[in-house]
Engineer: 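Structure provided below as structure tokens; questions to follow.
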Amino acid sequence: MPFTLATWNINSVRLRAGLVERLMREEAPDVLCLQECKSPVELLPLEGFAALGYEHVVARGQKGYNGVAILSKLPLEDLGDKDFAALGHSRHVAARLENGVTIHNFYVPAGGDKPDRAVNVKFGQKLDYLSEMRDWFHAERPEKAILVGDLNIAPREDDVWNHKQLLKIVSHTPIEVDHLGAAQEAGGWVDITRQDIPQGNLYSWWSYRSPDWDAADKGRRLDHVWATADISSSAHSSRVLRAVRGWEQPSDHAPVFATFDL
DNA sequence: ATGGTGGCCTTGCCA
């Protein structure tokens with residue numbers, strides 16, 4: 001049974017519930033993972049989602065910041081959440097589909113402006129968060145699992161609009177890329193998006209501060225779809241829906257899709 | 001080196 005999964009940093013799900021519903025109507029992924037919902041779970045606008053067939057929800061939230069949700073047409077079992085780096089933030093939740101596939105939905109800390117933990121606590125928290133992800137995956141050895149989310153790191157040179165210019169910019173520094181790679185390696189995670197689209201520049205985020213984001217195209221690939229090796233060969237049809245970044249009152253992120261034949 | 005935009009916890013904080 002093939003199923004299609006999408007990940008999207010929505011930057012306030014209550015403000016953009018209409019955009020979520022539009023994506024559900026037009027693209028109809030079986031599972032839609034959201035980050036930065038910025039809402040307590042009890043205030044999520046779930047009625048409209050359920051009316052479109054997304055009746056199954058596993059979410060964590062808090063007022064104003066962070067928040068992750070898995071909205072699904074398929075039944076979900078809540079597998080809980082982990083508070084990596086003990087931040088007390090809603091940045092992870094996991095669920096299992098009836099076919100036995102586990103889905104991890106992550107919103108990794110952005111890390112502040114200065115890439116130096118001695119002067120920027122948030123950068124240290126980001127690195128610690130990634131180290132604890134690494135340790136957890138090393139202990140858990142995930143199988144039949146998919147990891148998606150806004151990982152707030154663009155690891156490859158062609159994941160950013162200008163590699164050299166961004167080497168000291170948080171999201172593309174070598175130490176962040178190393179930490180992300182260690183977490184990926186520890187879980188045996190395969191980068192599904194790059195398995196399907198191995199060549200060429202690919203972005204999922206364009207800053208609001210860029211006056212003409214589309215023409216300037218100063219993007220970064222911050223949003224990822226990973227899978228464990230045992231199911232990675234069943235993945236195909238990865239794509240970034242860049243046009244969604246151009247919708248009315250958009251999120252600064254575009255959704256990333258993949259399909260799995262399982 | 002700086003500031004640019006956007007959302008919410010608002011007159012600052014976070015991304």
Side-chain angles (χ1 to χ4, degrees), chain A residues 7-23 33-45 59-69 83-92 105-117 119-130 148-155 159-162 164-173 176-177 179-180 203-224 240 242-256:
Chain A
T7 180
W8 192 14
N9 179 318
I10 192 62
N11 187 17
S12 175
V13 70
R14 283 188 279 168
L15 185 67
R16 285 185 246 284
L19 295 193
V20 174
E21 290 169 11
R22 180 174 171 187
L23 190 79
C33 297
L34 301 177
Q35 304 86 35
E36 275 208 271
C37 297
K38 296 186 173 177
S39 171
V41 172
E42 59 270 23
L43 295 181
L44 292 173
R60 298 292 186 272
Q62 59 189 96
K63 199 160 106 177
Y65 303 103
N66 311 312
V68 286
D83 183 19
F84 298 98
L87 300 174
H89 297 170
S90 299
R91 295 182 176 276
H92 167 260
N105 185 12
F106 274 95
Y107 175 48
V108 170
D113 283 334
K114 290 195 165 52
D116 178 356
R117 68 186 308 156
V119 299
N120 171 16
V121 171
K122 289 190 174 70
F123 193 73
Q125 290 173 340
K126 181 178 195 176
L127 298 181
D128 291 346
Y129 193 98
L130 293 160
V148 304
D150 178 2
L151 305 185
N152 265 314
I153 295 171
D159 290 337
V160 296
W161 66 278
N162 187 318
K164 282 189 178 172
Q165 202 161 323
L166 289 174
L167 275 171
K168 293 181 178 174
I169 301 298
V170 172
S171 74
H172 193 59
T173 64
E176 290 171 87
V177 173
H179 277 64
L180 184 68
Y203 317 135
S204 65
W205 173 87
W206 296 261
S207 172
Y208 286 128
R209 299 175 193 178
S210 186
D212 192 350
W213 72 273
D214 196 23
D217 202 21
K218 295 184 174 181
R220 306 178 201 171
R221 188 171 71 102
L222 304 180
D223 303 277
H224 298 266
V240 178
R242 181 183 175 115
V244 171
R245 178 62 177 79
W247 287 358
E248 184 77 22
Q249 198 173 27
S251 167
D252 45 355
H253 294 252
V256 181

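Proteins come first, then strands; the chains are lettered A, B, ... in the order of their sequence lines, and each starts at number 1. No hydrogens, no waters, no symmetry mates; every other heavy atom, side chains included, goes into these values. Quick caveat, the model's predicted, so the values are computed rather than measured.
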Engineer: Could I get the full list of ring-ring contact (aromatic ring centres under 6.0 Å, His included) partners for Trp213(A), not counting sequence neighbours?
Structural biologist: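 With sequence neighbours excluded, Trp213(A) shows a ring-ring contact (aromatic ring centres under 6.0 Å, His included) to Trp206(A), given in chain and number order.
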Engineer: Among residues two or more places apart or on two chains, list those pairs meeting salt bridge (Lys or Arg N to Asp or Glu O under 4.0 Å) that have a residue in residues 14-23 of chain A.
Structural biologist: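 Sorted pair list: Arg22(A)-Glu26(A).
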Engineer: For nucleotides dC14(B) and dC9(B), find the distance between their P atoms and express it as a whole number of Å.
Structural biologist: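 Each nucleotide's P atom is 14 Å from the other's.
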Engineer: What does the B/S/- profile of nucleotides 5-15 of chain B look like, 5' to 3', with a 4.0 Å heavy-atom cutoff to protein?
Structural biologist: BSSSB----SB
Engineer: When rounded to the nearest Å, what value does the distance between P atoms of dT2(B) and dG6(B) take?
Structural biologist: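 Result for the P pair: 23 Å, nearest Å.
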Engineer: Given the C1' atoms of dG12(B) and dA1(B), what is the spacing between them in whole Å?
Structural biologist: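 It works out to 23 Å between them.
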Engineer: Given the C1' atoms of dA15(B) and dT10(B), what is the spacing between them in whole Å?
Structural biologist: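 Pairwise C1' distance, dA15(B) against dT10(B), rounds to 16 Å.
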Engineer: Using the salt bridge (Lys or Arg N to Asp or Glu O under 4.0 Å) rule, take Arg117(A) and Asp128(A) through it: C-alpha gap first, then chi angles, then the decisive distance, then the call.
Structural biologist: CA-CA 10 Å; Arg117(A) 68 186 308 156; Asp128(A) 291 346; 2.9 Å; yes
Engineer: Can you sort out the partners of Ser171(A) under side chain to side chain donor-acceptor pair (under 3.5 Å), two or more places apart, ordered by chain and number?
Structural biologist: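 Side chain to side chain donor-acceptor pair (under 3.5 Å) check on Ser171(A) returns Arg220(A).
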Engineer: For dG3(B) and dC8(B), measure between their P atoms and round to the nearest Å.
Structural biologist: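 Approximately 25 Å lies between the P atom of dG3(B) and that of dC8(B).
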Engineer: Once side-chain contact (heavy atoms from CB on, under 4.5 Å) is applied, do any residues pair with Asp214(A), and if so which ones, sequence neighbours excluded?
Structural biologist: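 side-chain contact (heavy atoms from CB on, under 4.5 Å) list for Asp214(A), sorted by chain: Asp212(A), Arg242(A).
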Engineer: Please list, chain by chain and in numerical order, all residues satisfying ring-ring contact (aromatic ring centres under 6.0 Å, His included) with Tyr107(A), sequence neighbours excluded.
Structural biologist: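 In terms of ring-ring contact (aromatic ring centres under 6.0 Å, His included), with neighbours along the sequence ignored, Tyr107(A) is linked to no residue.
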